[in-house]
Amino acid sequence: MDDRALIKAAFEAMQRAYAPYSRHKVGAALLLGNGEVVTGCNIENAAYGPTVCAERTAIFKAVSEGRRDFVKIAVVGGKDGKVENYSFPCGVCRQVMAEFCAPDFEIITAKSEDDYVVYALSELLPHSFGAANLDGGGEEK
Ligand code: THU
């Protein structure tokens, strides 16, 4: 799966965003080690707080299906689904990525299939807090 195809999947996922409050639609496409793609969109709520970002929707879908071998994620977003800027994962999503992904996990953020930038997770969340910072560590990944 090349980056263009992953970005295309993120654009398709963005169409399914449920964002009646912010009207900011986001789509994410998560590439697994076996080549499968798990997509996610943001899902808002009238109480605002329960809103979930597109990236976490994709990651939680995958983890809940027993998959944790994540290679890269493509993210697109914009008002009413019109993508004009690169859409970066929020801090909470970066922290969730740090839980399941290696420091070299790639985050692709795109304006189109031809116009995108790629960052390593370690660049977007340096010096992260993780299981190693807790007494006894966390569950083995
Ligand atoms: N949003 C995402 O889906 N991903 C991010 O990384 C940033 C924000 C969503 C949440 C909310 O539905 C809307 O964008 C505005 O914050």
Side-chain angles (χ1 to χ4, degrees), residues 1-135 137-141:
M1 158 90 38
D2 65 11
D3 290 347
R4 287 179 60 96
L6 200 63
I7 292 164
K8 186 169 188 277
F11 269 95
E12 288 167 3
M14 183 179 65
Q15 304 307 315
R16 298 188 284 275
Y18 176 73
Y21 304 105
S22 74
R23 293 171 51 189
H24 186 80
K25 295 187 172 189
V26 184
L30 178 65
L31 179 64
L32 308 184
N34 66 354
E36 279 177 41
V37 174
V38 177
T39 61
C41 61
N42 54 328
I43 303 169
E44 298 188 344
N45 188 280
Y48 294 4
T51 292
V52 181
C53 292
E55 299 91 322
R56 273 178 289 149
T57 300
I59 292 168
F60 291 160
K61 278 172 66 180
V63 173
S64 70
E65 296 295 331
R67 306 305 306 269
R68 298 183 194 171
D69 51 337
F70 304 150
V71 178
K72 57 176 81 171
I73 193 168
V75 185
V76 300
K79 189 82 182 265
D80 295 324
K82 191 166 160 28
V83 177
E84 293 176 331
N85 299 299
Y86 299 128
S87 189
F88 284 90
C90 78
V92 173
C93 288
R94 295 178 199 200
Q95 181 66 27
V96 169
M97 289 173 190
E99 186 72 28
F100 295 109
C101 306
D104 64 353
F105 175 74
E106 286 186 358
I107 295 154
I108 300 167
T109 175
K111 294 182 193 175
S112 73
E113 288 175 40
D114 299 311
D115 182 353
Y116 62 92
V117 291
V118 185
Y119 290 86
L121 176 59
S122 58
E123 294 178 279
L124 297 189
L125 189 67
H127 310 293
S128 63
F129 182 89
N133 300 108
L134 296 173
D135 278 352
E139 182 191 349
E140 198 171 319
K141 285 181 197 165

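Whatever order the structure lists ligands and atoms in, that order sets their numbers, starting from 1.
In this structure, Lys111 forms a cation-pi arrangement with Tyr86, its terminal cationic atom sitting closer than 6.0 Å to the ring centre and no more than 45° off the ring axis.
The neighbour count for Tyr119 OH, taken as heavy atoms of other residues, nucleotides or ligands under 6.0 Å away, does not exceed 12. Within a 6.0 Å radius of NZ in Lys8, no more than 12 heavy atoms belonging to other residues, nucleotides or ligands are found.
Here Phe88 has backbone heavy atoms under 4.0 Å from ligand 1, and that is the only part of it that gets that close. Under 4.0 Å from ligand 1, not a single heavy atom of Ala19 appears.
Within the listing of ligand 1, atoms 11 (C), 12 (O), 13 (C) sit less than 4.0 angstrom from a heavy atom of Glu44. Numbered from 1 in the order shown, with element, the atoms of ligand 1 that lie under 4.0 Å from a heavy atom of Pro89 read 6 (O).
Checked against a 3.5 angstrom limit, the closest N/O atoms of Glu55 and ligand 1 fall inside it. For the pair Cys93 and ligand 1, the shortest N or O to N or O distance does not fall below 3.5 Å.
Between atom OH of residue Tyr21 and atom OG1 of residue Thr51 there is a gap of 8.5 Å, rounded to the nearest 0.5 Å.
Remark: side-chain polar atoms of Ser64 are paired, donor with acceptor, to backbone N or O of Lys61 under 3.5 angstrom.
Counting only heavy atoms of the protein, atom 14 (O) of ligand 1 lies nearest to His24 CD2, 3.5 Å. Atom 8 (C) of ligand 1 has its closest protein heavy atom at Cys53 SG, 3.8 Å. Protein heavy atom closest to atom 9 (C) of ligand 1, with residue, atom name and distance, is Asn42 ND2, 3.5 Å. Protein heavy atom in closest approach to atom 15 (C) of ligand 1: Ser22 OG, 3.7 Å.
For atom 4 (N) of ligand 1, the protein comes within 4.0 Å by at least one heavy atom.
Side-chain contact check for Glu44 and Ser22: at least one donor-acceptor pair (N or O, by modelled atom type) lies under 3.5 Å.
Of all heavy-atom pairs spanning Arg94 and Leu125, the tightest one is O-CD2, 3.5 Å.
In this structure, Phe100 and Phe70 have perpendicular ring planes: the angle between them is above 60°, well past the 30° mark.
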